Each structure stands twice: as C-alpha cells, then as structure tokens.
Amino acid sequence: MYKKPLILAIESSCDDTAAAVINGRKILSNCVANQKIHIAYGGVVPELASRAHQSKIIPVVQQALQQANINKKELTAIAYTQGPGLLGSLLVGSAFAKSLSLALNIPLIPINHIQGHLLVHFIEDERIQIPSFPFLGVILSGGHTQLVDVRDHFNMNILGTTLDDAIGEAFDKCGKRMGLPYPSGPQIDKLAEKGNPHKFIFPISKLSNYNVSYSGVKTAFINFISNSEQKNPDFIKNNLVDLCASLQYTLVRIILNKIELVARDKSLTEIVIGGGVAANTEIRKQLQDMVMKEDWKLSLPPLEYTTDNAAMIGITAYYKILKKEYGSLKDSSNARLKFN
Ligand code: KG4
Ligand code: ZN
C-alpha cells in the first residue's frame, strides 16, 4: 500500500517514448525507448516519430509498470507531456494517458516539458541536492535554450532565450555536416576529448541583452568546412577531433557568457541546469569551474535525467498534485505551450 501519490508519467514530445512510475518524489522506474529510425534521415522526421510512439508506447508503459512492480490498478494519477514539442508526437502520449485515466477512473495531469527538465532537481535521489528558490534555471536541449528566473516550482519567468537555433540543434546540425549520425551532440562530446579546442576559431555571438544566438556560429562552421574541403577533400577526416573540440568550445562559451551575466545582474547565483545538452562534459566542467571561482552554487542532473525522460514529467506532476491542480479530457496538446 502506497501512502504518497503513485503516478504513471508519459513523455512523448519528440523522438523518445518514455514512461516512469513515481511514488511521491521517488522514482520507481524510468524507461525510455529511443527511436533509431531517425538516424537514416540525420534528424527527427515528425511523421515517423508519431508512428514510432504509437508502436512503442504500450511496451514502454508495460516495462515501467513491471520494473516498478506495480499493478496499474494501484496508480493514483496519470501525467503526460502537454507541450511544447511535435504535435503528432504529443498527441500519441496524451491520447494514451487520457484513455488510461478514463479506464482506471483516476485524474490526469498535463505537464509542461520545459518545467519538467528543471524540476528533475527535486527528485528524491542521493545524488541530487534539492536547490533553493530563487535560482537561475538553464534549459539546454535540442529544442530550447532558455535562462529562467525560478521563484517557485511553477513560478518561472524567462529572462533570455535563443533567437534562432537551440544549442543542441547547433551541435546536431554541425555534426551532420561532419557526417556524424544523429543526434551528434554526444559524439561531438566524445571526439572533442582528444581534440584541441583552440585549433579553429568560430564566432561567439554577442547580443546586448540576455538572449543568445546559435545560427551565426552554425553557418560560419558549415561555410568553413565547405571552403576547407575545396582545398582538401579529406579536411574533415584529418581534423575531426580538433573540429569537434573547437566547435564544442564555442557553443559552450556562448551560453556560459550569458549564464555569468544573468547570474551577476539578477543576483541569481544558484544555477540549475536541465535538458539533453546538460550531459555535455565540457559544459559540466566549465560550469563547475565558474561556480568554484565565483563561490556560486551549481546543480547538474544525473545523466539519466538530462535527455528526455518521463521521470521529469512524474516529479512535476507530484508538485501539481500538492497544489491540487489537475487537468481534464478537454485539455489539448500544444506544440508551443508556454509556462509564463
Ligand atoms: O532534452 P533533449 O533530450 O530533447 C529536447 O527536449 O530537445 O535534448 C536532446 C539534445 C540533442 O540535441 C543532443 O544532441 C543533445 O541534447 N545532447 C548532447 C549531449 N547529450 C545529448 N549535446 C552535447 N553533448 C552531449 N553529451
Ligand atoms: Zn527535452
């Protein structure tokens, strides 16, 4: 018998089909099925993503219930990602969650994916030290790059955002130009270990406010490769690790400059990172160096809570339950869902 809420959480906003079971703030299972089908296309194909969610969602939910050793009749609520994300992908998760909530006669909780990325820091886990409000939330993912003033679990204000590409998108698109498979962020991270980050210099965008831009560096990188290949067709092969290290250095520097500026200006010196790119070795190291030098505080999520997962949807739902905020069958998925 469980005293705290026992929630089944579903995440299907992009190309990962994920399900988790959470009891209170404790994760009982956290299962993800990656969709390998997109590798052949060098990026996510929305139509293929929704079809893959449809075939994977039932096995992933079954796996999550099994690993948690839970019978679905014991569940007290069902949470799902309402947005932002790809509409066709979101619809699969919401239709599944709605049907199951109807069948089991338990409440539904729609969740904002971005809030989920930040609230993983509230999961009960010995590796996680719960941050204290207010803090500077930084979302670094394939779809978003945002600096957020977090006053409370659901009182969040965006201070800065990318004006064009997200940081993960820049990693992936530049990686694609180098012939690396999608998503290339993790591969660039690995290859960069052996490279010289100062071998090639790429532009670091300097916007006067708290926003960032990644399209300039992406275009400069792609043009540089094309020009270099005209002189030497083996340019990428001969310089791969240095290209990865120099690109990674630049992409990381752009966001680090902004984090430092916002933290200082807004006196938000507790920094909490979320999203897939939070797995990047260089950004983790640079952030640790920065907070050590400034005597600030840093929370980095354990790796399994960086890229898209359903545990983040579950923990956010737990705080919604504490506020008695439930959804209904009428809620519609929203590809551009905002939280403020
Ligand atoms: O949060 P996430 O799983 O999905 C979105 O909500 O977008 O983030 C996926 C992004 C991809 O762009 C992927 O290349 C990037 O996170 N990523 C990384 C690393 N691991 C994942 N980027 C750089 N270094 C990594 N180690
Ligand atoms: Zn995400």
Side-chain angles (χ1 to χ4, degrees), residues 9-18 20 30 32-35 38-39 42-44 46 49 53 80-86 89-90 93 111-121 137-146 148 161-162 165-178 180-193 195 197 214 217-218 244-256 273-287 300-316 335-337 339:
I10 314 274
E11 151 62 31
S12 71
S13 64
C14 189
D15 60 337
D16 295 305
T17 317
N30 186 28
V32 185
N34 304 111
Q35 301 181 356
H38 306 288
I39 295 173
V44 178
H53 282 306
Y80 68 97
T81 306
Q82 186 181 19
L86 300 170
S89 292
L90 292 166
I111 297 296
N112 182 303
H113 179 89
I114 302 294
Q115 288 185 322
H117 269 307
L118 286 178
L119 296 186
V120 290
H121 294 272
V138 183
I139 304 290
L140 304 172
S141 78
H144 296 86
T145 305
Q146 287 178 341
V148 188
T161 184
T162 178
D165 293 345
I167 183 169
E169 203 177 342
F171 266 103
D172 296 340
K173 287 185 175 161
C174 293
K176 186 177 179 185
R177 182 61 187 83
M178 290 188 283
L180 299 175
Y182 174 84
S184 38
Q187 326 236 4
I188 293 175
D189 188 352
K190 216 156 182 239
L191 290 162
E193 263 175 45
Y214 276 102
V217 56
K218 178 194 68 184
C244 288
S246 303
L247 171 70
Q248 177 173 273
Y249 172 83
T250 314
L251 299 181
V252 167
R253 201 24 52 213
I254 289 171
I255 193 68
L256 276 177
I273 312 287
V277 185
N280 182 264
T281 320
E282 176 71 7
I283 201 151
R284 292 175 93 90
K285 185 182 158 295
Q286 293 284 346
L287 281 164
L300 287 165
L303 288 184
E304 70 265 34
Y305 301 141
T306 56
T307 43
D308 289 347
N309 62 86
M312 68 192 220
I313 304 305
I315 185 70
T316 311
R336 297 180 177 273
L337 188 68
F339 55 76

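Counting starts at 1 for both ligands and their atoms, following the listed order. Quick caveat, the model's predicted, so the values are computed rather than measured.
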Checklist entry - Is it true that a side-chain atom of T306 and a backbone atom of A278 form a donor plus acceptor pair closer than 3.5 Å? => result no
Checklist entry - Can you tell which of I139, D308, I114 gets a heavy atom nearest to atom 4 (O) of ligand 1? => result D308
Checklist entry - In ligand 1, which numbered atoms sit nearer than 4.0 Å to a non-hydrogen atom of H113? => result 6 (O)
Checklist entry - Please state the angle at the Zn ion (ligand 2) spanned by NE2 of H113 and NE2 of H117: what is it, rounded to 10 degrees? => result 100°
Next on the checklist: For the backbone of N34 and the side chain of D15, can you confirm whether one donor and one acceptor N or O come within less than 3.5 Å of each other?
Outcome noted: no
Checklist entry - Got F339 and Q146 here, is their nearest side-chain heavy-atom distance under 4.5 Å? => result yes
Next on the checklist: Quiz question: by atom type and distance under 3.5 Å, do the side chains of N30 and E304 form a donor-acceptor pair?
Outcome noted: no
Item to check | Selection from G185, G276, C14 by shortest heavy-atom distance to atom 20 (N) of ligand 1 | outcome: G276
Next on the checklist: Suppose we measure from atom 10 (C) of ligand 1 to each protein heavy atom; which comes out shortest, and what is that distance?
Outcome noted: G142 N, 3.5 Å
Item to check | Min N/O separation T281 to ligand 1 under 3.5 Å | outcome: no
Checklist entry - Tell me: protein heavy atom nearest atom 15 (C) of ligand 1, and distance? => result V277 CG2, 3.8 Å
Checklist entry - Nearest to the Zn ion (ligand 2), which N, O or S atom of D308 do we find? => result OD1
Item to check | Check: T307 and N309 side chains under 4.5 Å, non-hydrogen atoms | outcome: no
Checklist entry - If you measure every N/O of G168 against every N/O of ligand 1, is any gap under 3.5 Å? => result yes
Checklist entry - What atoms in ligand 1 come closer than 4.0 Å to a heavy atom of T307? => result 3 (O), 21 (C)
Item to check | Identity and distance of the protein heavy atom lying nearest atom 24 (N) of ligand 1 | outcome: N280 ND2, 3.0 Å
Item to check | Closest approach of G175 to S184 (non-hydrogen atoms, all atoms of both residues) | outcome: CA-OG, 3.3 Å
Checklist entry - How far apart are the C-alpha atoms of H121 and Y305, what are their side-chain angles, what is the distance that settles it, and do they pass the side-chain contact (heavy atoms from CB on, under 4.5 Å) test? => result CA-CA 9 Å; H121 294 272; Y305 301 141; over 6 Å; no
Checklist entry - Which residue holds the protein heavy atom closest to atom 26 (N) of ligand 1, what is that atom called, and what is the gap in Å? => result D189 OD2, 2.8 Å
Next on the checklist: Could you check whether any side-chain heavy atom of V32 comes within less than 4.5 Å of a side-chain heavy atom of T17, counting everything from C-beta outward?
Outcome noted: no
Next on the checklist: Please determine whether side-chain contact (heavy atoms from CB on, under 4.5 Å) holds for the pair F171 and D189, giving the CA-CA distance in whole Å, both sets of side-chain angles, and the decisive distance to 0.1 Å.
Outcome noted: CA-CA 9 Å; F171 266 103; D189 188 352; 6.0 Å; no
Next on the checklist: Among all protein heavy atoms in this structure, tell me which lies nearest to atom 14 (O) of ligand 1, with the distance rounded to 0.1 Å.
Outcome noted: D172 OD1, 2.7 Å
Next on the checklist: Taking 4.0 angstrom as the limit and counting only heavy atoms of G143, give me the atoms of ligand 1 inside it, by number and element.
Outcome noted: 7 (O)
Next on the checklist: Is there a polar contact between ligand 1 and H117, counting only N or O atoms under 3.5 Å apart?
Outcome noted: yes
Next on the checklist: Any non-hydrogen side-chain atom of P84 less than 4.5 Å from a side-chain atom of H144?
Outcome noted: yes
